[in-house]
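The basis for the numbers below is simple: all heavy atoms, side chains too, and nothing from hydrogens, waters or symmetry mates. Chain letters run A, B, ... following the sequence lines, proteins first and then strands; every chain starts at 1.
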Amino acid sequence: MDYNKLAELLFPNIDKTPEDYELLYPAREKGIVITRLGPSPTGFIHLGNLYGAFVDERLAHQVAKSDRADAKTGSSGIFYLRIEDTDDKRFVEGAVETVINSLKFFDISFDEGATLPGPGEEYGTAESGNYGPYFQSKRGPIYRAFAKRLVSRGKAYPCFLTEEELADIRSQQEADKCTTGIYGKYAEKNRNLSYEEIETNINAGKSYVIRMKSHGDTSYFKLIDGIRGEISMPGNNQDTIILKANGIPTYHFAHVIDDHLMRTTHVVRGEEWLMSLPVHVELFEKLGFPMPTYCHTAVLMKIDEETGNKRKLSKRKDPELSLDYYRNEGYHPQAVKEYLLTILNSNFEEWRAENPDADIDDFNFTTEKMSSAGALFDLNKLNDISKDVLLKIPAEDLADFLVEWAREFKPNILPLLEDRSYLTKILDLGRDEAKPRKDFICAKQMWDFISYFFDEYFVIQDRIPEQVSDEDAKEILKRYLDTYDHSDDQSAWFDKIRSITEELGYAVKPKDYKKHPEEYKGSVAHVSTVIRIALMGRGQSPDVWSIQQILGEDRLRARISELIG
RNA sequence: GCUCUCUUGGUCAAGUGGUCAAGACGUCGCCCUCUCACGGCGGAAUCAGGGGUUCGACUCCCCUAGGGAGUACCA
């Protein structure tokens, strides 16, 4: 068999050689980390994607800022976006924009690759960088050039198996309980077709795919995974398809060609790819490419309420998987990032405790510290981290953040938030102390928490304590209003509450009431709660005096008068 | 079925032959206190099971169980 002749028959219009492409895409600067995100344009990006993208981004971008050896080059790594649109069935309009914008919200941006298209710009043309095209659908000639080379070396061949034949082979294999697929004896027929047979088939218009001719050596080999360490797998023996009947490459082939030509150094991808690693390794060998470092991330899991088992987060059942969920709830991107980092690198939490004010970029992220078991998503933890993150954000910025959130998700409160200095004072309440309050988790919850500061949203939602009769409650409020002086400082203010407490037969010290409940109606805590409810509508809030200072005397008197009638 | 992979408290996890098995979140109790939040102190709670190897196993080896994934002309 003359393989060169066969290659010409199969790829008559391919003139460029692999060498041409090697020249076109020269090696990158030595020592820098090149990573990539390769989404298929399904238009849906979830927490798992973010998790992976974050690993890529950290790997490529942290280098320059750290003081490690790599930084000597003074150059940061490169993180690029490649659109893996080899399956047109998956294509969704506007998906590229979704990916870029979603990640941008979390402060993750690309150095090269697909970009936001300009107005009216055709799909697949918006990109930047010297290693493109970055849309796989535009790379057909490149894949074919390498496929042609493989054929001309006898390392790949056309296969004319029809769908029916494939199905028959499969059911036979299943019946025989052996591995499914095209390998060994199942591959022989098409592997050994003569040039004339192939030519006849093609002239007859028969559809065919290009398969790699596997070495068939299934002995185990070892490989170092950036996350998992040493892994061992059996060698591949499948004659995996590299070009589909429509001439478009499969993921396997596109991955190997692209990551080589774009000079990717670290391939970060989900563990669902672990199984096809032997195929990729063989492809790298057949093509004579050096291997990148693979980093197979664990899948994010959650406990299924119905079965009690761990299971993969699914986009249908789990709203928290969607990135939109966090935007809706108003989680701060910084909080989500910090949370992700704590599950990504187990030593991050410790580092954060020691460096509470340091920038995330100063943390030395390593794939070795990543867990290889699937982490459970923990909303409690996110909330806890979020509290700390929000505390560090200045009140002015927090106000901006809340307004931005409202603009998108609760526009009807926007007019209320216009008084920025009022809003800022509210948000800063109790934060400027040795033991600052940590009241805020996310924008939605922030609004709930502060809504009573706005008359339109002020409602009495809690009941007065049972220790206080309705008559007493009225009397407490009446006396409170009578003696109220807005210029009182906090201790003068509280002294007056103490007086009211005592006069009405309540204990000034809560402990006294606790010890001798029979001697008092209740304690100063109950009296305060009555006032708190009158003013805030709820039994729990930050310090009453401080709130009053922000609320202002008019509002305060109005609310109490309203209740006294 | 076959193949790969994972397994330390409820959760995230330190740990690489000798530890009373860190820490964080959550939870419970106490303290602080006008409520809540914050903070402080304390408690309960973990090496999946069984065999080896060893003076000694969470740590090394084997088996079993359980979880997860893959087994496409999808990625």
Side-chain N,O (K509(A)) to OP1/OP2 (U33(B)) below 4.0 Å: no
SB check E368(A) R228(A) (cutoff 4.0 Å): no
Salt bridge R479(A)-E475(A), side-chain N to carboxylate O under 4.0 Å: yes
Anything under 3.5 Å between a protein N or O and an N or O of nucleotides 36-38 of chain B, put it in a table, one pair a line.
unit_1, atom_1, unit_2, atom_2, d
C36(B), O2, R437(A), NH2, 2.4
C36(B), O2, S541(A), O, 3.4
C36(B), N3, R437(A), NH1, 3.0
C36(B), N3, R437(A), NH2, 3.4
A37(B), O2', K438(A), O, 3.3
A37(B), O2', D439(A), OD1, 3.3
A37(B), N3, R437(A), NH1, 3.4
C38(B), OP1, K387(A), NZ, 3.3
C38(B), O2', P436(A), O, 2.8

Answer yes when K392(A) and D357(A) have at least one side-chain N-carboxylate O distance shorter than 4.0 Å, and no when they do not. no
Could you state the atom-to-atom distance from NE2 of H252(A) to P of G70(B) in whole Å? 12 Å
Just checking L161(A): base, sugar-phosphate only, or nothing, at a heavy-atom cut-off of under 4.0 Å? base
C1' spacing across the pair U59(B) / A22(B), given as an integer number of angstrom: 16 Å
If you only use heavy atoms from C-beta on, which nucleotide in A24(B), C4(B), A69(B) is closest to the side chain of Y220(A)? C4(B)
C34(B) OP1/OP2 closer than 4.0 Å to side-chain N/O of K496(A): no
Distance, rounded to the nearest Å, where R228(A) contributes CZ and G68(B) contributes P: 15 Å
Just how far is it from atom CG of L341(A) to atom CD1 of I385(A), taken to the nearest 0.5 Å? 9.0 Å
In whole angstrom, give the distance that lies between atom CD1 of I231(A) and atom P of C4(B). 12 Å
Checking salt bridge (charged side-chain N to carboxylate O under 4.0 Å, His left out) for the pair E282(A)/K213(A): CA distance, chi angles, key distance, verdict? CA-CA 10 Å; E282(A) 187 176 0; K213(A) 197 180 284 178; over 6 Å; no
A cation-pi test, strictly: NZ or CZ of R82(A) under 6.0 Å from the centre of the six-membered ring of F135(A) and no more than 45 degrees from its axis. Yes or no? no
To the nearest angstrom, the NE2-P distance between H526(A) and U35(B) comes to 9 Å
Give me the distance, rounded to whole Å, that separates A44(B) from U27(B) when you measure between the C1' atoms they each carry. 9 Å
Expressed as a whole number of Å, how far does the C1' atom of G23(B) sit from that of U46(B)? 14 Å
Quick one: is C12(B) close enough that its OP1 or OP2 comes under 4.0 Å of any side-chain N or O from Y339(A)? no
Whether the Q172(A) and D168(A) side chains hold a donor-acceptor pair (N or O, under 3.5 Å, no angle test) is what I'd like checked. no
Given the C1' atoms of G9(B) and C58(B), what is the spacing between them in whole Å? 14 Å
Does a nitrogen or oxygen in the side chain of T86(A) sit under 4.0 Å from OP1 or OP2 of A75(B)? yes
Can you tell me if T35(A) uses its side chain to pair, donor with acceptor, with the backbone of D56(A) under 3.5 Å? yes
Whichever of R498(A) and E350(A) has the more 5' nearest nucleotide on RNA chain B, that residue is E350(A)
Distance in angstrom units between D512(A) CG and C34(B) C1', rounded: 15 Å
For RNA chain B, report each stem as range with range, ordered by first number, or say none. Use Watson-Crick or G-U wobble pairs under 3.5 Å, at least 3 in a row. B:1-7 with B:65-71, B:10-12 with B:23-25, B:27-31 with B:39-43, B:48-52 with B:60-64
Not counting sequence neighbours, which residues clear ring-ring contact (aromatic ring centres under 6.0 Å, His included) with Y457(A)? List them please. W447(A)
Taking all non-hydrogen atoms of both residues, which atom of R538(A) and which atom of S451(A) are closest, and how far apart? NH2-OG, 3.2 Å
Gap between atoms CG and C1', on L391(A) and G39(B) respectively (whole Å): 13 Å
Specify the residues of residues 529-537 of chain A, ordered by number, for which at least one heavy atom lies under 4.0 angstrom from an atom of RNA chain B. R532(A)
Can you give me the N/O atom pairs linking the protein to nucleotides 41-43 of chain B at distances under 3.5 Å, or say none if there are none?
none

Would you say C4(B) has OP1 or OP2 under 4.0 Å from some side-chain N or O of K222(A)? no
Check each of L429(A), I450(A), I550(A) against P542(A) using the side chain to side chain contact (heavy atoms under 4.5 Å, CB included) test, and report the only one that passes. L429(A)
For nucleotides G66(B) and C20(B), find the distance between their C1' atoms and express it as a whole number of Å. 31 Å
d(L427(A) CG, I393(A) CD1) to nearest 0.5 Å is 11.0 Å
Using a strict threshold of under 4.0 Å (side-chain N to carboxylate O), is an ion pair present between R431(A) and D428(A)? yes
Distances under 3.5 Å between protein N/O atoms and the N/O atoms of nucleotides 61-63 of chain B, please, pair by pair.
none

In this structure, is the centre-to-centre distance between the rings of H255(A) and F253(A) below 6.0 Å? no
By nearest heavy atom, map L243(A) and W545(A) onto RNA chain B; which one lands nearer the 5' end? W545(A)
Quick one: is K511(A) getting a side-chain N or O under 4.0 Å of the C32(B) phosphate, OP1 or OP2? yes
Would you sort out whether E349(A) and K381(A) count as a salt bridge (charged side-chain N to carboxylate O under 4.0 Å, His left out), showing the intermediate values? CA-CA 11 Å; E349(A) 226 176 329; K381(A) 193 85 176 185; 2.6 Å; yes
Kindly give the heavy-atom pair with the smallest separation between D462(A) and G539(A), and that separation in Å. OD2-N, 2.7 Å
Could you check Y506(A) against Y513(A) for ring pair (Phe, Tyr, Trp, His ring centres under 6.0 Å), going step by step and ending with a plain yes or no? CA-CA 8 Å; Y506(A) 292 79; Y513(A) 172 65; 8.5 Å; no
Straight-line distance of Y208(A) OH to K244(A) NZ, nearest 0.5 Å: 15.5 Å
What is the distance, rounded to the nearest whole Å, between atom CG of N383(A) and atom P of U27(B)? 11 Å
Of C34(B), U71(B), U11(B), the nucleotide closest to the side chain of T180(A) is U71(B)
Please report the distance separating the P of A24(B) from the corresponding atom of C41(B), rounded so that it comes out in whole Å. 10 Å
